[in-house]
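Written out below as structure tokens is the structure these notes cover.
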Amino acid sequence: MRVLVTGAYGFVGNAVVRRLAEVGHEVVALTHRPAEAPLPELPVSQVVRGDIRDKTALAAALDGVEGVCHLAALTRVRESFDRPEEYQDVNAGGTVALLDALAAASRSLIPRVILGSTAAVYGAPERQPISEDTVPAPSNPYGVSKLAADDALRVRAEAGEIEAVSLRCFNISGAVSGVGDADESRIIPKAVAVAAGRYPHLEMNGDGDAVRDFVHVDDLARAYVLALEATSAPYRLYNVGATAASMREIVATVERVTGKPVPVVHRPPQPEPPRLVADISRITTDLGWKPERSSLEALVTDAWSAVSGGDR
């Protein structure tokens, strides 16, 4: 299958492209990186440079494409409070632009679209673990924008224009081929950066007992491949998570794996949910997906290798 991956050179895109190519798909990459910027080596047959909202770039990228893994997005929760309009325009508007371009292209088969969604659409539900039946209640502009993208996908799928899957990912970490998460506002990237000596300490709200769900980026990439290849109902929605861990457990694991200290400065507790974890029974039942590399040890080891120059 000829598959377009938007955001192909990002943290998740890198892993998805490699998994798609590994099982024999022909991959087209869409990237917003400028023409003069060098690109890392990836197993793609074509690279199109342009914004996800650029009609010309989308038309070129979608030529002959049967499937799309849509990863191009703005993803920083804290930043979204300062730039809500931009997040809505890129994440929701960009998804609509992609769907419009798909609708405008003549093709004999109904295309499949796999959207990189997020657990942020759920907000902070009291009932845990969080199932796909949980009523969305996003608490930040990032979650609002991604829920709008989910809704746009569902509407087009129900109209028969596409077959579609939204993958609502929890916290993604690890690394593939030396490409890790560069967003050091997140706990694992920041903790390994502290271990590497790039920062003097890690700031933590409260005592570090808050629990979150983490999944390895390579396990997530396998979920994209399975979703793309599955016989599809018009629209499906899956949570993707794997390992529940507290902030304190993460710090201890980083220190053990790296052999380096991670000094912690405790800040006053913030009003945040004590536990946010995924119910993944639906994706396990429907697609046969299960995490293989998402132990906390593996997540931290691979993130550390990306930072310290190792090749895992």
**OP:** Answer with yes or no whether the hydrophobic clustering places Ile188 together with Leu276; edges join I, L, V, M, F, W, Y residues whose side-chain heavy atoms lie under 4.5 Å apart.
**Re:** no

Original post:
Could you give the distance from CD (Glu203) to CZ (Arg267), rounded to the nearest 0.5 Å?
Top reply: 4.0 Å

Subject >> Six-ring centre of Tyr122, Arg168 cation under 6.0 angstrom, axis tolerance 45° >> reply: yes

**OP:** Starting from the C-alpha separation in whole Å, work towards a yes-or-no answer on side chain to side chain contact (heavy atoms under 4.5 Å, CB included) for Tyr87 and Lys146.
**Re:** CA-CA 9 Å; Tyr87 269 67; Lys146 295 298 276 188; over 6 Å; no

Subject >> Value rounded to 0.5 Å, distance of CD1 in Ile250 from CD1 in Ile187 >> reply: 5.5 Å

Subject >> Non-hydrogen side-chain atoms of Met247 and Arg212 separated by less than 4.5 Å >> reply: yes

Subject >> Side-chain donor or acceptor of Thr243 paired with backbone N/O of Ser294 under 3.5 Å >> reply: yes

**OP:** Verify, without hydrogens or angle tests, whether Gln128 (side chain) and Pro125 (backbone) share a donor-acceptor contact under 3.5 angstrom.
**Re:** yes

Subject >> Residue from Leu62, Ile162, Val28 passing side-chain contact (heavy atoms from CB on, under 4.5 Å) with Val68 >> reply: Leu62

Original post:
Between Asn140, Leu74, Thr75, which is the residue that forms a side-chain contact (heavy atoms from CB on, under 4.5 Å) with Ser80?
Top reply: Asn140

Original post:
Just wondering, do Arg186 and Ile172 contact through their side chains at under 4.5 Å, heavy atoms?
Top reply: no

Subject >> Co-membership, hydrophobic cluster, residues Ile280 and Val217, 4.5 Å side-chain >> reply: yes

**OP:** Indicate yes or no: at least one non-hydrogen side-chain atom of Leu42 is less than 4.5 angstrom from one of Val47.
**Re:** no

Subject >> Note, Arg282 side chain near Asn239 side chain (heavy atom, < 4.5 Å) >> reply: no

Original post:
Are Val211 and Val264 joined in one hydrophobic group, where the rule is that I, L, V, M, F, W and Y side chains link up if heavy atoms are under 4.5 Å apart?
Top reply: no

Original post:
Taking all non-hydrogen atoms of both residues, which atom of Cys169 and which atom of Leu220 are closest, and how far apart?
Top reply: SG-CD1, 3.4 Å

Subject >> Side-chain heavy atoms of Leu102 within contact of Glu161, under 4.5 Å >> reply: no

Original post:
Is Arg156 salt-bridged to Asp100, going by a charged N under 4.0 Å from an acidic O?
Top reply: yes

Original post:
Is there a donor-acceptor contact under 3.5 Å from the side chain of Ser246 to the main chain of Ala210?
Top reply: no

Subject >> Between CD on residue Glu163 and CG on residue Leu228, distance to nearest 0.5 Å >> reply: 10.5 Å

Subject >> Same apolar cluster: Phe170 and Trp289, side chain cutoff 4.5 Å >> reply: no

Original post:
Taking C-beta and beyond as the side chain, do Arg222 and His216 meet within less than 4.5 Å on heavy atoms?
Top reply: no

**OP:** To the nearest 0.5 angstrom, please state how far the CZ atom of Arg275 sits from the CG atom of Asp213.
**Re:** 8.5 Å

Original post:
So, are Glu297 and Arg256 salt-bridged, with charged N and O less than 4.0 Å apart?
Top reply: yes

Subject >> Under 3.5 Å: donor-acceptor pair, side chain of Asp183, backbone of Arg76 >> reply: no

Original post:
Is there a path of hydrophobic side-chain contacts, each under 4.5 Å between heavy atoms of I, L, V, M, F, W or Y residues, that connects Tyr142 with Phe81?
Top reply: yes

Original post:
Side chains of Tyr9 and Val17: closer than 4.5 Å at any heavy-atom pair?
Top reply: no

Subject >> Gly64 backbone acceptor or donor facing Glu66 side chain under 3.5 Å >> reply: no

**OP:** Determine whether more than 12 heavy atoms belonging to other residues, nucleotides or ligands lie under 6.0 Å from atom NE2 of His32.
**Re:** no

Subject >> Nearest heavy atoms of Ala152 and Leu99, plus distance in Å >> reply: O-CD1, 3.8 Å

**OP:** Check step by step if side chain to side chain contact (heavy atoms under 4.5 Å, CB included) holds for Arg2 and Gln46.
**Re:** CA-CA 11 Å; Arg2 184 173 169 90; Gln46 180 184 359; 2.7 Å; yes

Original post:
Going through the distances and angles, do Asp150 and Tyr235 end up as a side chain to side chain contact (heavy atoms under 4.5 Å, CB included)?
Top reply: CA-CA 10 Å; Asp150 280 348; Tyr235 178 69; 4.0 Å; yes

Original post:
Do Arg49 side-chain atoms and Pro34 backbone N/O form a donor-acceptor pair below 3.5 Å?
Top reply: yes

Subject >> Heavy-atom pair with the smallest gap, counting every atom of Ala278 and Gly241 >> reply: CB-CA, 4.1 Å

Original post:
Counting distance only, does the side-chain N/O of His266 pair as donor-acceptor with the main-chain N or O of Gly206 below 3.5 Å?
Top reply: yes

Original post:
Taking it one step at a time, do Val5 and Tyr224 satisfy side chain to side chain contact (heavy atoms under 4.5 Å, CB included)?
Top reply: CA-CA 11 Å; Val5 178; Tyr224 274 91; over 6 Å; no

Original post:
If every non-hydrogen atom of Ala196 is compared with every non-hydrogen atom of Val307, which pair is closest and at what distance?
Top reply: CB-CG1, 3.7 Å

Subject >> Ala195 versus Val262, closest heavy-atom pair with distance >> reply: CB-CG2, 4.1 Å

**OP:** Kindly compute the distance separating CG (Asp279) from CZ (Arg127), expressed to the nearest 0.5 Å.
**Re:** 9.0 Å

**OP:** Mind checking the NE2-OG spacing from His70 to Ser166? Nearest 0.5 Å is all I need.
**Re:** 10.0 Å

Subject >> For Val176 against Ala15, the heavy-atom pair lying closest together >> reply: CG2-CB, 3.9 Å

Subject >> Student check: side-chain heavy atoms of Leu30 and Leu58 closer than 4.5 Å >> reply: yes

**OP:** Answer yes or no: is there an ion pair linking Arg19 with Asp218, defined by an N-O contact shorter than 4.0 Å?
**Re:** yes

